[in-house]
Amino acid sequence: MELQELFLKLLRFRSITPDDAGAYEFIKEYMQGWEFVELNIEDTKNLVIYKRFGDGVHLSFAGHIDVVPEGDGWESEPFEPTQKDGFIYARGTQDMKSGVAAFLSACRDVKSFDGTLSMLLTSDEEGDGTYGTIKILEYLKKQNFLPDAVVVAEPTCESVFGDSIKVGRRGSINGVLELFGLQGHAAYPEKAKNTIHLLAPLLPKLAGHFFDRGDEYFAPSQLILTDLRSGLEVTNVSPGHLKLMFNVRNSTKTSKEDVQNYIDELFSALEYKLKLSQGSYPFVTDKSSHLVKKMSEAVRKITGVKPKHSTAGGTSDARYMGSFGIDVVEFGVINDTIHAPNERTTLDEVQKLRRVFSHLIENYNKEV
């Protein structure tokens with residue numbers, strides 16, 4: 001099966017999170033001769049595909065078969081790929097069935113490798129991911145089969161294919177702060193504790209606050225206000241309660257404890273309650289690592305572009321590899337229509353992505 005046919009076939013599966021919609025059965029048939037481990041937990045389906053070629057390094061590719069719902073505004077059928085003006089339109093073209101098709105094709109054609117090749121697939125990356133990639137890694141750790149290095153085939157390029165490799169991701173800290181005062185009549189402010197008035201002098205020290213200055217990999221960790229509400233939506237009652245929500249996309253220089261300590265100091269004279277949660281943690285793979293060097297080399301060789309090393313964007317399943325101490329990078333097609341109507345990519349990008357992965361595999365065990 002040619003790469004184009006494989007890609008179009010994957011796009012036709014209506015694999016909205018957490019449903020694989022039958023894609024795994026097709027993939028297992030496509031990857032005949034490889035070993036499979038199915039890890040189905042609750043409504044999430046995970047699939048490990050692997051082949052031992054030798055006793056050397058364990059190199060893995062990871063991705064997700066699930067996509068977000070199609071939504072409105074499409075000019076074509078979201079799950080019937082349409083080719084028009086040099087593009088292929090369908091849900092999942094960029095995020096991330098292009099990547100899945102590329103590494104499946106690249107790995108299937110490998111004849112020899114000094115070590116083990118594997119592919120880690122989940123049907124729940126776009127959702128909570130509770131039973132997805134993290135469960136695959138926990139299982140592999142118990143089997144003493146964790147990869148030495150992982151390439152996550154998320155769309156990473158910005159304007160030209162090959163211009164960006166993600167070598168890390170920021171973390172994400174969510175905060176909910178409640179401020180307590182005393183409700184009262186607006187005509188008698190001295191008898192009330194107006195929570196908006198209590199907050200007002202602190203806002204300049206809260207909104208947009210930088211916890212660090214960033215570094216060569218990360219932008220500064222900044223507190224971004226996302227919601228603020230107080231009062232009864234009337235003009236004659238001063239509020240006695242206020243609720244504020246915020247997010248901090250944090251670098252490795254700022255922790256949840258740093259955010260907690262800053263809020264505690266800022267609001268020390270007031271009655272408040274703060275709830276912090278962290279769904280993902282920052283990580284970075286060192287630029288001198290074998291994986292980063294080899295991936296950069298492969299991208300330059302195939303595309304003629306020198307990729308920058310980026311940590312921009314939201315979160316991905318690469319964060320789980322980072323938490324297990326596994327070297328991980330992300331590389332895929334241009335990211336400009338993910339989750340949007342009329343999501344699209346080009347066959348040329350998918351073909352080049354497959355060639356990048358093939359080059360990486362063929363040259364991974366050679367000296368940098």
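Basis for what follows: all heavy atoms, side chains included, without hydrogens, waters or symmetry-related copies. Quantities reported herein were computed from a predicted structural model and do not represent experimental measurements. Residue indices begin at 1 and follow the sequence shown.
Residues S323 and R319 have side chains that never bring a donor and an acceptor to within less than 3.5 angstrom of each other. Between T337 and N342, the side chains place no donor N or O within less than 3.5 Å of an acceptor N or O (distance only, hydrogens not considered). A side-chain donor-acceptor contact under 3.5 Å links E330 and S316. Between the side chains of K306 and S296, no donor-acceptor pair of N or O atoms lies under 3.5 Å. With no hydrogens or angles considered, a side-chain donor-acceptor pair links T254 and D212 at under 3.5 Å. There is no side-chain donor-acceptor pair under 3.5 Å between Q222 and H209.
Of the residues T122, D95, D317, the one that meets the side-chain hydrogen bond (donor to acceptor under 3.5 Å, both in side chains) test with H64 is D95. In summary, of the residues considered (D20, D66, D124), a salt bridge (Lys or Arg N to Asp or Glu O under 4.0 Å) with K45 occurs for D20 alone.
Ring geometry for F113 against F53 counts as perpendicular: the plane angle is over 60°, on a 0 to 90° scale with 30° as the lower cut. Ring geometry for Y262 versus F211: interplanar angle over 60°, hence perpendicular rather than tilted (30 to 60°).
A continuous path of ILVMFWY side-chain contacts below 4.5 Å connects F13 to L47, so both sit in one hydrophobic cluster. In the hydrophobic clustering of this structure, I65 groups with L6; members are Ile, Leu, Val, Met, Phe, Trp, Tyr whose side-chain heavy atoms approach within less than 4.5 Å, directly or through other members.
The closest donor-acceptor contact from the side chain of E343 to the backbone of G92 lies under 3.5 Å. Side chain of S280 to main chain of G171: no donor-acceptor pair is present (N/O by atom type, distance under 3.5 Å, no hydrogens or angles).
Less than 6.0 angstrom separates the ring centroid of F357 from the ring centroid of F61. Taking the six-membered ring for Trp and the full ring otherwise, the centers of Y50 and F36 sit at least 6.0 Å from each other. Annotation: H290 is in aromatic contact with Y364 [ring centroid separation under 6.0 Å]. Between Y217 and H309, the ring centre distance reaches or exceeds 6.0 Å.
Separation of atoms CD (Q94) and NE2 (H339) is listed at 10.0 Å; rounding is to 0.5 Å.
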Residue pair E178, K275: steps toward the salt bridge (Lys or Arg N to Asp or Glu O under 4.0 Å) verdict: CA-CA 9 Å; E178 291 186 83; K275 180 180 179 181; over 6 Å; no
Check the pair V37, Y139 against side-chain contact (heavy atoms from CB on, under 4.5 Å), reporting the backbone distance first and the verdict last. CA-CA 10 Å; V37 177; Y139 168 81; 3.8 Å; yes
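Contact record, V328 with M321: CB-CB, 3.8 Å, taken as the closest heavy-atom pair. When all heavy atoms of A186 and V237 are compared, the closest pair comes out as CB-N, 4.2 Å. The shortest non-hydrogen separation linking T156 to G332 is OG1-N, 3.2 Å. Minimum interatomic distance between R249 and S172 (heavy atoms only, all atoms of both residues): NE-OG, 3.4 Å. Contact record, E265 with S268: O-OG, 3.2 Å, taken as the closest heavy-atom pair. In this structure, W34 and L117 approach most closely via the heavy-atom pair CZ3-O, 3.6 Å.
For the pair K191 and Y188, the cation-pi test (distance below 6.0 Å, angle within 45°) is passed. In this structure, R12 forms no cation-pi arrangement with F79, as its terminal cationic atom is not both closer than 6.0 Å to the ring centre and no more than 45° off the ring axis. For the pair K352 and F161, the cation-pi criterion (under 6.0 Å, within 45° of the ring axis) is not fulfilled.
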